[in-house]
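Everything on this sheet refers to the single structure shown next.
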Amino acid sequence: MIKRYVNFSNLFKIALRALSNNKFRGFLTMLGIIIGVASVITMLAIGQGSKRSIQGSLSEMGSNMIFVEPGQGMMGGVRQDASSMQTLKQADYQALVDQSEYLSDITPIVSAAGQAIYGTNNTPTSMSGVNASYLNIRKYTIADGDMFTDQDIKAAAKVCVIGKTVVTNLFTNGEDPVGKVIRFKNIPMRVVGVLTEKGNNSMGQDQDDVVLAPYTTVMKRISAINYFNNISASARSEAVSDSAQDEMETILRKSHKLADDADNDFRIRSQKELLTMMTSTSDMMTVLLAAIAAISLLVGGIGIMNIMYVSVTERTREIGLRMSIGARGIDILLQFLIEAILISVTGGVIGVIFGVGVSLLVKFAAGWPIFIQVYTVFLAFAVCTATGIFFGWYPARKASNLDPIEALRYE
Amino acid sequence: MAKNIIEAINLKRNFIVGSETVHALRGVSFSISAGEFVTIMGTSGSGKSTLLNLLGCLDTPSEGDYKLDGISIKQMNKDERAMLRNRKIGFVFQSYNLLPKTTAVENVELPLIYNNEVSARERKRKAIESLKAVGLADRLYHKSNQMSGGQQQRVAIARALVNEPVIILADEATGNLDTRTSFEILSLFQELNQKEGRTIIFVTHNPELASFSSRNIVLRDGLVLEDTVNNNIASAYEALQKLPKLDD
Ligand SMILES: Nc1ncnc2c1ncn2[C@@H]1O[C@H](COP(=O)(O)OP(=O)(O)O)[C@@H](O)[C@H]1O
Ligand SMILES: [Mg+2]
């Protein structure tokens with residue numbers, strides 16, 4: 001006898017027909033899948049969006065950046081506040097410059113907050129005492145004029161480079177600031193350059209509201225201190241970032257003459273570390289949100305299974321009839337399986353559309369960063385098909401195992 | 001001599017219910033050749049449906065053998081029997097068993113859906129032809145729930161004819177119909193038998209219907225009680241004319 005193959009297109013039509021006979025019920029069954037898929041898409045879009053925005057703004061600050069803060073120091077058994085620590089000195093900076101192999105740029109940072117005045121205008125701002133390497137480390141560039149020189153640093157010259165916000169606040173009538181003298185904490189300082197605009201960072205801080213001056217100037221003439229607030233540096237590349245960190249530790253311990261068993265009296269942190277820390281929190285959120293979404297998919301799948309069982313029971317006579325006129329078990333099995341897959345995949349398509357819509361709404365209405373990865377859409381379809389097969393299998397098998405005589409007699 | 005279509009050889013069918021064995025058929029033998037119109041009669045519980053299910057390859061005998069169109073079904077598996085039903089048998093049931101919310105044409109197409117050798121076009125053409133043969137040319141696209149019982153049974157007969165089976169098996173096909181409609185359906189069966197030479201087995205518990213067929217097999221307690229040829233076939237159409245007219 002001739003072997004008979006399964007005619008998928010006919011079975012597909014039968015399944016489609018059964019669904020269109022029961023549109024509302026089909027829709028209700030899909031609802032679970034729709035909500036599940038839409039939430040998976042939205043959650044992943046929000047998670048990915050925030051991760052990317054964190055990564056973006058951190059790496060714009062310089063992804064190889066490493067900074068040393070004073071801290072973790074004990075004085076007579078009393079833990080000291082980091083800001084009052086005075087452990088980072090000129091000798092440490094010099095040791096790093098002389099001995100380091102993995103660092104490309106190093107700058108001391110001395111901060112001072114105060115009022116900047118030009119003519120009748122004044123603005124509160126913060127001054128950072130740095131050297132020229134600071135520009136490389138923090139990815140600043142000069143728009144106008146020049147950066148101050150090593151000569152200026154040696155001489156503790158009263159010169160400065162200012163950011164766009166300071167320019168706007170002080171030079172209200174559109175004058176060229178380069179060459180003008182502003183006052184900061186009553187010290188007159190000549191503006192030698194203007195920084196290119198950078199905008200806000202990820203924490204919402206205005207990166208253009210800065211005044212850069214030689215660190216020696218800030219230490220001697222403004223704050224009258226002999227220590228740094230921190231030392232910032234750049235590793236030669238991201239690959240040597242860890243080595244650079246270790247190297248810095250060794251050099252600083254030696255420079256501070258710490259005994260082998262003594263704790264560090266400084267703290268080294270890298271941008272990479274910060275990045276990992278922040279993205280790992282957002283990764284964790286993504287996983288958590290995706291898990292919640294996956295549970296709703298599971299519930300949707302159980303809904304399909306339930307309705308397929310009801311459908312098989314309701315259509316017992318139909319199954320008996322189909323068998324009596326020549327349908328084999330496999331024909332019946334596939335008919336119901338295709339029906340289950342159709343429900344879940346249609347639900348998936350609507351869910352994807354819905355999820356993308358909600359994501360865009362969140363983006364434009366709430367202003368959250370959103371990123372929809374194409375693979376999540378395909379993943380959603382794959383998961384829906386799998387859900388359909390998994391939850392449709394048992395009802396479909398039940399249908400295909402019915403005895404035609406009993407099925408025909410079923411009331 | 002016409003070709004043997006059905007050959008039942010000492011068919012037995014036992015059902016095990018709990019600890020008891022029900023002997024529904026205790027050894028039934030007969031053969032039916034092409035062109036016969038056989039009525040199988042007997043009281044309720046005498047084994048008619050059990051026999052028909054065996055003849056229709058829906059079931060397999062506990063003992064004995066059965067040959068349909070020369071093919072023994074003894075060694076066949078489920079799928080092979082499904083295929084045999086699809087190509088060689090047409091069923092008509094007491095309760096029509098049409099798909100709900102589905103047009104007459106689509107209902108009649110159903111057996112051909114499971115036959116890959118018939119294209120969608122051919123399928124529709126055959127379905128329409130079949131519906132015309134049962135007098136439903138003007139009801140092709142009516143849905144099953146928009147039709148009367150008699151019309152629904154005609155659709156079911158068209159469905160049984162569409163695959164050009166070697167035999168039509170009807171189990172209490174007029175059981176749900178009023179007298180007038182019963183005679184209409186019976187007259188249709190006679191027409192199919194006499195004009196188109198269809199072989200028909202018609203199971204009924206109603207002895208009055210015996211005179212309309214060419215042969216009567218009477219069952220009692222799972223055995224053949226009588227097997228007689230009827231040389232004086234009454235016309236169901238004439239019987240229909242004699243019925244008192246309904247006032248519309
Ligand atoms: N699936 C079954 N399980 C148990 N007993 C059955 C089954 N089918 C039929 N029988 C028994 O077999 C006998 C014949 O039944 P059936 O062929 O349906 O009779 P008929 O159609 O002549 O009324 C009855 O006694 C019935 O109870
Ligand atoms: Mg019966």
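So that the names make sense, note that chain A is the first sequence line, chain B the second, and so on, each numbered from 1.
Counting heavy-atom pairs closer than 4.5 Å to chain A, the top-ranked of the candidates Arg159(B), Gln94(B), Lys78(B), Arg81(B) is Arg159(B). For the set Ile325(A), Ile14(A), Asn21(A), the entry with the most heavy-atom pairs within less than 4.5 Å of chain B is Ile325(A).
Once rounded to the nearest 0.5 Å, the distance linking CG of Leu11(A) with CD1 of Ile113(B) reads 9.0 Å. In this structure, OG in Ser95(B) is found 7.0 Å from CD in Glu411(A), a value given to the nearest 0.5 Å. Here the CG atom belonging to Leu321(A) is positioned 6.0 Å from the CZ atom belonging to Phe93(B), to the nearest 0.5 angstrom. In this structure, the separation between CG on Leu54(B) and CD1 on Ile405(A) is 7.5 Å, given to the nearest 0.5 Å. To the nearest 0.5 Å, the span separating CG on Leu99(B) from CZ on Arg317(A) amounts to 12.0 Å. Going from atom CG of Asn7(A) over to atom CD of Glu117(B) covers 11.5 Å, rounded to the nearest 0.5 Å.
Across every non-hydrogen atom of Ala82(B) and Ala327(A), the tightest pair is CB-O, 4.0 Å. For Arg85(B) against Met323(A), the heavy-atom pair with the smallest separation is NH2-O, 2.9 Å. The heavy-atom pair separating Ser324(A) from Phe91(B) by the smallest distance is O-CE1, 3.4 Å.
For Phe12(A), the CZ atom sits in a loose shell: 12 or fewer heavy atoms of surrounding residues, nucleotides or ligands are nearer than 6.0 Å. When the shell of 6.0 Å around NE2 of His142(B) is examined, it contains more than 12 heavy atoms from other residues, nucleotides or ligands. Taking a 6.0 Å sphere around NZ of Lys143(B), one finds it holds 12 or fewer heavy atoms contributed by other residues, nucleotides or ligands. Dense packing is recorded around CZ of Phe15(B), with more than 12 heavy atoms of other residues, nucleotides or ligands lying under 6.0 Å away. The environment of Phe390(A) atom CZ is sparse: at most 12 non-hydrogen atoms of other residues, nucleotides or ligands sit within 6.0 angstrom. More than 12 heavy-atom neighbours from other residues, nucleotides or ligands sit within 6.0 angstrom of CZ on Arg139(B). Atom CZ of Arg220(B) has 12 or fewer neighbouring heavy atoms from other residues, nucleotides or ligands inside a 6.0 Å radius. No more than 12 heavy atoms of other residues, nucleotides or ligands shown are found within 6.0 angstrom of CZ on Phe354(A).
Not one N or O on the side chain of Asp79(B) forms a donor-acceptor pair closer than 3.5 Å with the backbone of Arg328(A).
Of the two parts of Ser49(B), neither the backbone nor the side chain holds a non-hydrogen atom closer than 4.5 Å to a non-hydrogen atom of chain A. For Arg17(A), the part sitting under 4.5 Å from any heavy atom of chain B is the side chain, from C-beta outward, and nothing else. Heavy-atom distances place no part of Ile330(A) under 4.5 Å from chain B, backbone and side chain included. Of the two parts of Pro165(B), neither the backbone nor the side chain holds a non-hydrogen atom closer than 4.5 Å to a non-hydrogen atom of chain A.
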(request) Check the pair Asn97(B), Arg322(A) against side-chain contact (heavy atoms from CB on, under 4.5 Å), reporting the backbone distance first and the verdict last. (result) CA-CA 10 Å; Asn97(B) 282 321; Arg322(A) 286 181 186 279; over 6 Å; no
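In this structure, the side chains of Asn10(A) and Arg123(B) come closer than 4.5 Å at one or more pairs of heavy atoms.
Residue pairs that meet the side-chain hydrogen bond (donor to acceptor under 3.5 Å, both in side chains) test with at least one member in residues 37-51 of chain A, sequence neighbours left out, are Lys51(A)-Asp283(A).
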